[in-house]
Amino acid sequence: MNIVVTHGDALNQETPLLVFGTWKGAALPEQLANLLEAGDWTGNTKQTLLLYTRGAIPARRVLLLGLGEQDDAHADRLRECAAVAAQRAREAKAERYTLAVPPLGSITARAAGQALAEGSLLALYRYQKYKTGLKDEDTREIEQLTIVTSEADQAFTTGVTTGEAVAHGVMLARDLANAPGNELTPTVMGETARQIGREFGMQVTVLGPSELREQGFGGILAVAQGSQQEPRFIIIEYGAEYANGPTICLVGKGITFDSGGISIKPAAGMEDMKMDMGGAAAVLGALQAVGELKLPLHVVGLISSAENMPSASAFKPGDIVKTLSGKTIEVVNTDAEGRVVLSDALHYAGRFKPAAVIDLATLTGAIMVALGPHATGMMSNDDDLSARLERAGQASGERVWRLPLWDPYKDMVKSDIADVKNSAGRPGGAITAAAFLSAFVDGYPWAHLDIAGTAWVDRQTKAYTPKGATGGAVRLLIETLQSWL
Ligand code: BES
Ligand code: MN
Ligand code: ZN
C-alpha cells in the first residue's frame, strides 16, 4: 500500500472511505453527527462505526474511529488505531481510503506521522507464501492511503516517510522469521544479506566453514557441526563514509532451526524454533530501514548463523570449545547454543571500536517467564546505553525492561575446567545467559536484548502485531539509532 500526505478539510475529500478519528468526548462535525443517533458513539479507543453518508459529504462512506482519551494519548495508541482502520478498510474491500488526522495535542507531528504509517502498513501484513488456491479476496491489497492533515506540515510528512521505511524493515524481519527452516538456511541468510547490501549500497562479507575454521570461530563451528547445513558469519557495513562519527554494531542470533541438539527439546512446540533467528531478522530489517532512510551513521550488522541439530557429528555435553576470543566454553547443554554462536560475534565486534554494541537474540525461555510478550529483556554494562534504549522503547512502543547483571551472576557461569560454562540451570536463566555473553564483551558499551518473548507471539498482542513473527525490535532499533544523529 502506497501512502500519500495532503492537507485541507478532510470532510471535503472525495473518497470511497473516509476514516475519521475522534478523541473521546470530542464533538463530531455536524455533517457526521447528523448521521448518528444519540448514544451511538463514545470515541473509546479502537471503537469503529461505518456510516453511509448518502451525499452529506463527498466521501461515500465514513469510518468513525475512536482514539480514546486525549489527556493520556500517546503515539502507540495512534499506531493501534490506524491499524484497526486499515483492517476495517480491507474488510470493506476499499481499494483506497483516506485518513483524517485529528488534533494531536501533546503528540508531535513527526511521531504521529510515523505511528500512523507504521500502524496502517503493519496491520495489513499477511504471510501466505505457502498457501495455495487463495481466492482473489484473500490476496487483494489496498492500493493507496491518503492521509489528510489540516495544515501542511513537513514534520508530519517526514514522520510518514520514516514510518514507511521502518514498516518495510519490520515486514522483512517478519517474512524471515516466519520462513520455515528448510527454506531459510544459514546459506540463504547470507544471500539475503548480500541482496540487501546490493540494493542499499552496503558492504557485505559472508564467511563460510573454511574461513570460519581458518580464523578460529570455534563457537559457531561447534553449534553447526551436527547439521548438514553450513554455518555463516555475516558482516554488513552501512555508512562507512560516516566512520568519523560513532560506530554502532548490531549483533544477531541467527539459529535457523533450534532442535536443542543432543540436549534435544520436547516435540511439542518444536516447530516454532524456526524463529530462532529473530535476532538476525531484526538486524537485517533494521539495516534495510537504515538504508532506505539513508541515515548518516556508521552501522555494522554482525550475524552468527547456524542450525542446531543432533547427529553423530553434533557437539555434545561435556565438550570444550575454543572460541574466536581464545576463551574456552564448557558445553553443559547443547540447547544453550545461542550464547555459544554469539560469543564469536561479540568478540568480533571489538574490531570496529564501537560506540555501542547491541545484540539481539531469542536467547532464553526464562525471559518469557519473566516478562511475557509485552517487553524485551535488557541486560547491559552501560547506564547511558540502557537509558537510550529505554527511551527508544517508550517512543517506539516496543518497551524494554532492564534486569541486573551483577557479579554473582557472572560467578554462576564459571566452569571448573574451562573459562565459562554455557548453562547455569534454571535460576535467573535470562540473566546468567547475559552473564555468559559478558565474558566475550571487551571494553565497549554493550546491551543484550533477549527477544525470545517478543519476536514471536502465539496470539495477536496489538492490532498491528499478528500472531507468529512480529518483526520485533526493528522499530526499537531505528528509534535508538536516531538518538546518535
Ligand atoms: N532458542 C532457545 C530459547 C527460546 C525458547 C526462544 C522459547 C524462543 C522461545 C534457546 O536456544 C534455548 O533453548 N535456551 C534454553 C537455555 C537453557 C538450556 C539453559 C532455555 O531457555 O531453555
Ligand atoms: Mn536452544
Ligand atoms: Zn536457540
Side-chain angles (χ1 to χ4, degrees), residues 173 176-178 181 184 186 189 219-220 222-224 226-227 229 231 251-282 303-310 314-319 329-343 345 359-373 375-377 379 403 409 412-413 415 420-437 448-459 461 467-470 472-473:
L176 292 172
N178 279 325
L184 189 71
M189 186 85 83
I220 297 177
V223 171
S227 171
Q229 295 296 335
V251 176
K253 170 179 172 182
I255 299 296
T256 57
F257 183 69
D258 180 13
S259 68
I262 297 296
S263 315
I264 197 163
K265 289 179 181 294
M270 199 199 273
E271 69 276 15
D272 287 351
M273 282 303 125
K274 66 176 184 177
M275 57 67 93
D276 209 17
M277 29 55 69
I303 290 170
S304 294
S305 190
E307 187 181 60
N308 188 22
M309 294 292 273
F315 78 144
K316 51 196 181 294
D319 284 2
I329 299 171
E330 180 191 3
V331 176
V332 302
N333 189 321
T334 65
D335 198 10
E337 84 297 337
R339 62 199 78 180
V340 177
V341 299
L342 288 174
S343 68
D359 81 70
L360 300 104
T362 49
L363 205 61
T364 68
I367 202 67
M368 304 172 73
V369 174
L371 300 176
T376 286
M379 283 125 282
L403 296 168
Y409 293 108
M412 288 171 77
V413 293
S415 162
V420 284
K421 58 181 178 184
N422 78 332
S423 170
R426 284 164 59 89
I431 304 178
T432 55
F436 174 97
L437 295 178
H448 159 60
L449 300 178
D450 192 335
I451 59 172
T454 49
W456 181 274
V457 290
D458 296 328
R459 59 173 76 166
T461 50
K467 73 172 184 175
T470 63

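Each ligand, and each atom within it, is numbered from 1 in the order the structure gives.
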Using distance alone, decide if ligand 1 has a nitrogen or oxygen within less than 3.5 Å of any nitrogen or oxygen in [X].
X      : result
Thr364 : no
Lys253 : yes
Lys265 : yes

[X] side-chain N/O to [Y] backbone N/O, donor-acceptor pair under 3.5 Å:
X      : Y      : value
Ser263 : Gly260 : no
Lys253 : Gly278 : no
Thr376 : Leu449 : no
Asn308 : Thr334 : yes

> Is it true that Met368 lies under 4.0 Å from ligand 1, counting heavy atoms only?
Replying inline: yes
With heavy-atom distances below 4.5 Å as the criterion, would you say the side chains of [X] and [Y] are in contact?
X      : Y      : value
Ile255 : Val223 : yes
Ile264 : Met270 : yes
Trp456 : Met368 : no

What's the shortest distance from [atom] to any protein heavy atom, and which residue and atom give it?
atom                    : result
atom 19 (C) of ligand 1 : Ser423 OG, 3.4 Å
atom 18 (C) of ligand 1 : Asn333 ND2, 3.4 Å
atom 16 (C) of ligand 1 : Arg339 NH2, 3.7 Å
atom 14 (N) of ligand 1 : Leu363 O, 3.4 Å
atom 21 (O) of ligand 1 : Gly365 N, 2.7 Å
atom 12 (C) of ligand 1 : Asp335 O, 3.2 Å
atom 7 (C) of ligand 1  : Met273 CE, 3.5 Å
atom 2 (C) of ligand 1  : Asp258 OD2, 3.6 Å

Exactly one candidate in Val341, Asn333, Asp335 meets side chain to side chain contact (heavy atoms under 4.5 Å, CB included) with Glu337; the answer is Asp335
ask   = From Glu337, does some N, O or S atom reach closer than 2.8 Å to the Mn ion (ligand 2)?
value = yes
Might you point out which heavy atoms bring [X] and [Y] nearest each other, and give the distance in Å?
X      : Y      : value
Ile367 : Ala452 : CG2-CB, 3.8 Å
Thr432 : Pro427 : CG2-O, 4.0 Å
Lys421 : Ser415 : N-CB, 3.8 Å

Per residue Asp258, nearest N, O or S atom to the Mn ion (ligand 2) is named OD2
The angle formed at the Zn ion (ligand 3) by NZ of Lys253 and OD2 of Asp276 is about (to 10 degrees) 90°
Row for the Zn ion (ligand 3): angle OE2 (Glu337) to OD2 (Asp258), 10° precision, value 90°
In ligand 1, the atoms that come under 4.0 Å of a heavy atom of Glu337 are 11 (O)
Ligand 1 atoms nearer than 4.0 angstrom to some heavy atom of Thr362 are 1 (N), 2 (C), 3 (C), 6 (C)
